[in-house]
Enquirer: 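Starting off with a structure, shown below.
Keep in mind that this is a model prediction, so the values were computed, not measured. In what follows, chains carry the letters A, B, and so on, assigned in the order in which the sequence lines appear, proteins first and then strands, with residues in each chain numbered from 1.
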Amino acid sequence: MTDTHDRREQRIEKLNQLRELAVDPYPPRVERTHTAAEALAAFDPEQEQGPHVQVGGRVVAVRVMGRTTFAHIADDSGRLQIYLRKNELGEESYDRFVKLIDIGDFISAEGALFRTRTGEITVQVQGWEVLAKTLRPLPEKWHGLRDVETRYRQRYLDLIANEDTRRVFQIRSRLISAIRRFLDERGFLEVETPVLQPIYGGAAARPFTTYHNALDQTFYLRIADELYLKRLIVGGFDRVYEIGHNFRNEGISTQHNPEFTTIELYQAYADYEDMMRLVETLYAELARQVMGQETIPFQGQEIDLTPPWRRVTMHDAILETSGVDIEEHRDQESLQAAARAQGIDLPRQPNWGKLVEKLFEMTVEPSLIQPTFVIDYPIEISPLAKKKPDAPHLVERFEFFIGTLECGNAFTELNDPLDQRERFVEQSRYAAQGDAEAHPLDEDFLIALEHGMPPTGGLGFGIDRTVMLFADQASIREVILFPALRQRSEASLLTESNV
RNA sequence: GAGCCGUUAGCUCAGUGGUAGAGCCCCUGCCUUUUAAGCAGGUUGUCGUGGGUUCGACCCCCACACGGCUCACCA
């Protein structure tokens with residue numbers, strides 16, 4: 001018999017006592033005239049007494065002083081103090097509150113607003129009711145809830161106990177709204193494309209595999225939206241975007257969750273230069289709307305999102321940081337040797353482009369604090385982007401980095417169907433050589449392209465990482481309400497729930 | 001998948017090879033403007049799980065579970 005069990009039984013006993021008093025501990029509805037914030041706003045500071053209000057919320061603090069009691073209730077809008085007096089409520093109602101209401105219970109209370117001696121606007125309670133009796137205690141009030149595992153597994157407790165957690169997810173919501181507003185105002189159409197796909201594509205990643213019984217067919221959970229959105233550009237929707245979950249069957253880290261939220265957008269008659277302008281304009285706008293200024297703090301740094309952002313080619317960035325000139329070393333052996341000469345040990349990769357990417361990640365990425373567009377990527381790691389006309393081993397692609405986070409990816413989309421087919425074929429050669437993330441050939445997509453796609457700029461960026469940036473969080477789990485965790489065994493759950 | 005660290009009361013945390021602790025929470029009493037209310041008294045427990053060493057293990061050893069960080073993979 002554990003302490004929790006005792007406490008739970010104590011509360012069930014209180015629940016039963018309420019029922020014996022003919023009180024429904026879970027009434028189906030409640031009258032409410034004001035939220036906590038509305039009640040506070042309704043009080044005229046010039047007056048001694050405010051209007052009569054009826055409010056509801058969770059009891060978060062109780063101070064019993066004999067025949068008088070102060071308590072705080074909280075709803076989504078904030079906290080509000082209530083004041084109960086035995087001589088005004090009557091002995092029965094007053095004692096019922098003191099004896100049968102616990103911190104955590106939901107109640108409603110009605111009465112006139114007044115200001116206490118210390119100046120706090122408070123409801124002088126004339127009547128109150130139980131809205132929902134709780135059976136388990138809330139986390140402690142001083143230190144709140146710190147245990148990271150409990151915070152993730154029982155996020156509701158985290159939200160109750162930690163105001164900062166509420167703030168993070170409010171920022172998340174406001175960011176997503178602001179992104180939608182920004183794109184809607186510019187004529188983008190929000191669309192939804194399949195999550196279950198017969199062929200995955202649009203990124204380099206391992207998929208989750210599932211199975212549809214009626215169709216007797218394997219499906220993959222999408223790793224990107226790209227190929228379906230481009231089909232819509234073929235179809236004549238010139239500006240489309242989708243916000244949704246992607247799924248990648250890979251490692252979990254402070255920057256990776258197996259399911260994560262991205263936005264992808266495509267704009268016909270645009271190129272990657274247009275996408276760069278769109279990104280920097282959007283992020284500055286988000287900063288203004290959500291944070292009130294274009295400079296934001298992130299992990300101890302001041303990040304200035306004011307456009308224009310720095311642009312640097314991958315070639316120049318690597319040369320500046322590591323002293324290795326990738327254009328002088330266009331095969332793996334040579335590039336590995338050049339890197340080694342600078343004291344950088346590069347592991348063998350499936351191709352030159354991947355080796356360049358590796359070199360970039362090891363040397364340049366950790367230095368990219370202020371917003372930076374890194375442009376012109378190797379073709380081998382960019383099978384869906386258009387070649388640079390004057391350098392066919394590179395493509396018109398950029399990624400942008402803020403606070404060393406890789407935030408997003410964009411290119412001038414490849415709309416030449418025969419080139420696209422060759423790229424897919426090249427990818428299948430990498431796959432045959434053991435590249436597990438090589439892009440599979442999508443014949444259906446090629447047929448779409450053969451019907452004609454206008455010149456198009458495309459962009460994708462991680463919503464979660466954007467939230468990390470704006471909410472100043474170091475771990476992606478802090479910006480996902482229920483991050484992926486290993487399942488607890490049934491036995492351990494039962495032990496902990498004590499029922 | 002690998003390395004390191006962590007797991008003690010409902011919560012936040014101390015702790016020692018020799019009878020498990022503190023604060024908050026909770027329970028009882030007093031208290032009619034408190035707000036970390038106060039005062040007096042009281043109860044917390046499979047010390048993550050399972051083995052082993054030992055006269056004796058919360059402590060030492062091994063395995064396992066879960067989590068965190070770093071690395072690998074990736075966005």
Side-chain angles (χ1 to χ4, degrees), chain A residues 1-11 13-14 60-72 79 81-89 94 98-99 102-104 114-120 122 124 135-153 157 160-161 202-206 223-224 246-262 264 347 354 357-358 361 365 381 399-401 405-409 435-437 460-466 468 474-477 483 485-489 491-493 495-496 498:
Chain A
M1 178 92 49
T2 66
D3 192 48
T4 304
H5 202 160
D6 290 339
R7 287 172 191 217
R8 187 165 175 273
E9 292 199 334
Q10 277 170 7
R11 291 189 179 211
E13 178 54 31
K14 290 177 179 178
V60 292
V62 178
R63 295 175 293 281
V64 180
M65 291 170 300
R67 284 178 282 278
T68 195
T69 292
F70 284 94
H72 273 94
R79 287 160 60 104
Q81 182 166 260
I82 62 174
Y83 179 51
L84 302 89
R85 293 166 70 105
K86 193 172 218 170
N87 61 347
E88 296 200 13
L89 267 178
Y94 183 84
V98 171
K99 286 192 180 352
D102 293 296
I103 289 173
F114 75 107
R115 200 184 280 276
T116 64
R117 191 176 288 163
T118 54
E120 183 163 352
T122 301
Q124 172 97 43
L135 301 184
R136 291 174 190 268
L138 259 32
E140 182 245 358
K141 62 184 175 187
W142 284 13
H143 308 89
L145 180 67
R146 292 279 164 73
D147 184 83
V148 174
E149 188 173 351
T150 307
R151 288 185 47 238
Y152 295 161
R153 289 191 193 279
L157 294 178
I160 291 167
R206 284 178 234 216
I223 59 172
N246 286 342
F247 306 84
R248 297 188 186 174
N249 206 340
E250 287 169 349
I252 294 177
S253 78
T254 51
Q255 291 176 49
H256 301 86
N257 195 62
E259 65 178 301
F260 60 105
T261 307
T262 58
E264 284 192 30
K354 283 221 163 197
E357 186 180 39
K358 194 81 204 163
E361 284 169 4
E365 219 174 282
I381 56 172
E399 293 190 318
F400 60 102
F401 296 81
L405 282 175
E406 183 187 337
C407 288
N409 182 25
D435 184 351
E437 277 134 20
F461 61 89
I463 297 288
D464 310 287
R465 288 188 182 177
T466 306
M468 287 169 69
S475 170
I476 199 168
R477 295 184 206 99
L485 297 178
R486 199 182 298 271
Q487 176 126 38
R488 308 290 301 271
S489 72
S492 75
L493 279 176
T495 305
E496 279 182 23
N498 291 306

Enquirer: Grab the CE-P distance between A:Met65 and B:A37 for me, whole Å please.
Expert: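 Rounding to the nearest Å, CE of A:Met65 and P of B:A37 are 11 Å apart.
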Enquirer: Name the nucleic acid region contacted by A:Asn409, choosing base, sugar-phosphate or nothing; use a 4.0 angstrom heavy-atom cut-off, strictly under.
Expert: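 Nothing: the residue A:Asn409, judged by heavy atoms under 4.0 Å, touches no strand.
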Enquirer: Can you tell me, in whole Å, how much space there is between the C1' of B:G15 and that of B:G21?
Expert: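 Pairwise C1' distance, B:G15 against B:G21, rounds to 7 Å.
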Enquirer: When the distance from NE2 of A:His143 to P of B:A9 is rounded to whole Å, what number comes out?
Expert: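 One finds 15 Å between P of B:A9 and NE2 of A:His143, rounded.
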Enquirer: Across the strands shown, which category fits A:Leu485 at heavy-atom distances under 4.0 angstrom: base, sugar-phosphate, nothing?
Expert: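 Since only primed, P, OP1 and OP2 atoms lie under 4.0 Å of A:Leu485, the category is sugar-phosphate.
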Enquirer: For A:Thr69, answer base if it contacts any base atom (sugar-phosphate contacts may also be present), sugar-phosphate if it contacts only those atoms, and nothing otherwise; contact means non-hydrogen atoms under 4.0 Å.
Expert: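 Nothing: the residue A:Thr69, judged by heavy atoms under 4.0 Å, touches no strand.
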Enquirer: Measure CZ/A:Arg151 against C1'/B:U7 and give the value in whole Å, please.
Expert: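 Those two atoms, CZ and C1', are 17 Å apart.
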Enquirer: Would you mind listing every salt bridge (Lys or Arg N to Asp or Glu O under 4.0 Å) that reaches into residues 246-261 of chain A, with sequence neighbours excluded?
Expert: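 Passing the test, one end in residues 246-261 of chain A: no pairs.
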Enquirer: A:Arg85: which residues meet the salt bridge (charged side-chain N to carboxylate O under 4.0 Å, His left out) condition with it, sequence neighbours left out?
Expert: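 Here the qualifying residues are A:Glu88.
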Enquirer: May I have the distance from A:Ile252 (atom CD1) to B:U70 (atom P), rounded to whole angstrom?
Expert: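 Atom-to-atom, A:Ile252 to B:U70, this comes out as 14 Å.
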Enquirer: Sequence neighbours excluded, which residues qualify as ring-ring contact (aromatic ring centres under 6.0 Å, His included) partners of A:Tyr83?
Expert: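 With sequence neighbours excluded, A:Tyr83 shows a ring-ring contact (aromatic ring centres under 6.0 Å, His included) to A:Phe70, A:Phe114, given in chain and number order.
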Enquirer: For B:U44 and B:G23, measure between their P atoms and round to the nearest Å.
Expert: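 My reading of the P atoms in B:U44 and B:G23 gives 14 Å.
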Enquirer: Is A:Arg67 side chain donor-acceptor paired with the B:C31 base, going by distance under 3.5 Å alone?
Expert: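 Under the 3.5 Å cut-off, the side chain and the base do not form any donor-acceptor pair.
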Enquirer: In whole Å, what separates the P atom of B:C25 from that of B:A20?
Expert: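 One P to the other, the span is 27 Å.
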Enquirer: Could you list the protein-to-nucleotides 28-30 of chain B atom pairs, N/O on both sides, closer than 3.5 Å?
Expert:
none

Enquirer: Roughly, in whole Å, what's the span from CZ in A:Phe114 to P in B:U34?
Expert: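 So the CZ-P distance, A:Phe114 to B:U34, works out to 11 Å.
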Enquirer: Listed by chain and number, what are the salt bridge (charged side-chain N to carboxylate O under 4.0 Å, His left out) partners of A:Lys86, not counting sequence neighbours?
Expert: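 Partners of A:Lys86 by the salt bridge (charged side-chain N to carboxylate O under 4.0 Å, His left out) criterion, ordered by chain and then number, come out as A:Asp95.
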Enquirer: A:Phe461 near the nucleic acid: base, sugar-phosphate alone, or nothing, with a heavy-atom cut-off under 4.0 Å?
Expert: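 Here A:Phe461 touches no strand at all.
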Enquirer: Could you give the distance separating B:G6 and B:U12 at their C1' atoms, to the nearest angstrom?
Expert: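 Approximately 16 Å lies between the C1' atom of B:U12 and that of B:G6.
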Enquirer: May I ask whether A:Phe70 stacks on the base of B:A37, given the cut-offs of 5.5 Å between ring centres and 30° between planes?
Expert: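 Stack criterion not met.
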Enquirer: Check every strand shown and say whether A:Arg153 touches a base, only sugar-phosphate, or nothing at a heavy-atom separation below 4.0 Å.
Expert: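 If one applies the 4.0 Å heavy-atom cut-off, A:Arg153 turns out to touch the sugar-phosphate alone, with no base involved.
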Enquirer: Only counting residues at least two apart or in another chain, list the ones meeting salt bridge (charged side-chain N to carboxylate O under 4.0 Å, His left out) with A:Arg153.
Expert: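 Listed in chain order: A:Glu149.
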Enquirer: Quote, to the nearest angstrom, the C1' distance that separates B:C11 from B:C26.
Expert: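 Each nucleotide's C1' atom is 12 Å from the other's.
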Enquirer: Is A:Glu437 touching bases, backbone alone, or none of the nucleic acid, heavy atoms closer than 4.0 Å?
Expert: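 Sugar-phosphate only.
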Enquirer: Check the distance between B:C25's P and A:Arg63's CZ and give it to me in whole angstrom.
Expert: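 Taking atom P of B:C25 as the reference, CZ of A:Arg63 is at 12 Å.
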Enquirer: Can you list everything that forms a salt bridge (charged side-chain N to carboxylate O under 4.0 Å, His left out) with A:Arg67? Sequence neighbours excluded, please.
Expert: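 Residues passing salt bridge (charged side-chain N to carboxylate O under 4.0 Å, His left out) with A:Arg67: none at all.
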Enquirer: Given Watson-Crick or G-U pairs with both distances under 3.5 Å, what dot-bracket string fits RNA chain B, with | for other-strand pairs and [ ] for crossing?
Expert: (((((((..((((....[..)))).(((((.......))))).....(((((..]....))))))))))))....
Enquirer: By the 4.0 Å heavy-atom rule, please label A:Gly462 as base, sugar-phosphate, or nothing.
Expert: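 A:Gly462: no heavy atom of the nucleic acid under 4.0 Å.
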Enquirer: Atom CD1 of A:Ile381 and atom P of B:C73: how far apart are they, to the nearest Å?
Expert: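 Rounding to the nearest Å, CD1 of A:Ile381 and P of B:C73 are 14 Å apart.
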Enquirer: What is the distance from CG of A:Leu157 to P of B:C25, rounded to the nearest Å?
Expert: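 A:Leu157 atom CG is separated from B:C25 atom P by 18 Å.
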Enquirer: B:U32 base to A:Arg85 side chain: any donor-acceptor pair below 3.5 Å?
Expert: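 Answer yes: a donor N or O sits under 3.5 Å from an acceptor.
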Enquirer: Just checking A:Gly144: base, sugar-phosphate only, or nothing, at a heavy-atom cut-off of under 4.0 Å?
Expert: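 It contacts sugar-phosphate atoms only.
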Enquirer: Base of B:U7, side chain of A:Glu149 - is there a donor-acceptor contact under 3.5 Å?
Expert: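 Between B:U7 and A:Glu149, which were checked side chain against base, a qualifying N/O pair under 3.5 Å is absent.
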Enquirer: I'd like to check the side chain to side chain donor-acceptor pair (under 3.5 Å) partners of A:Thr254; sequence neighbours left out, ordered by chain and number.
Expert: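 In terms of side chain to side chain donor-acceptor pair (under 3.5 Å), with neighbours along the sequence ignored, A:Thr254 is linked to no residue.
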Enquirer: Counting any heavy atom closer than 4.0 Å, what does A:Asn257 reach on the DNA or RNA strands: base, sugar-phosphate only, or nothing?
Expert: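 It contacts base atoms.
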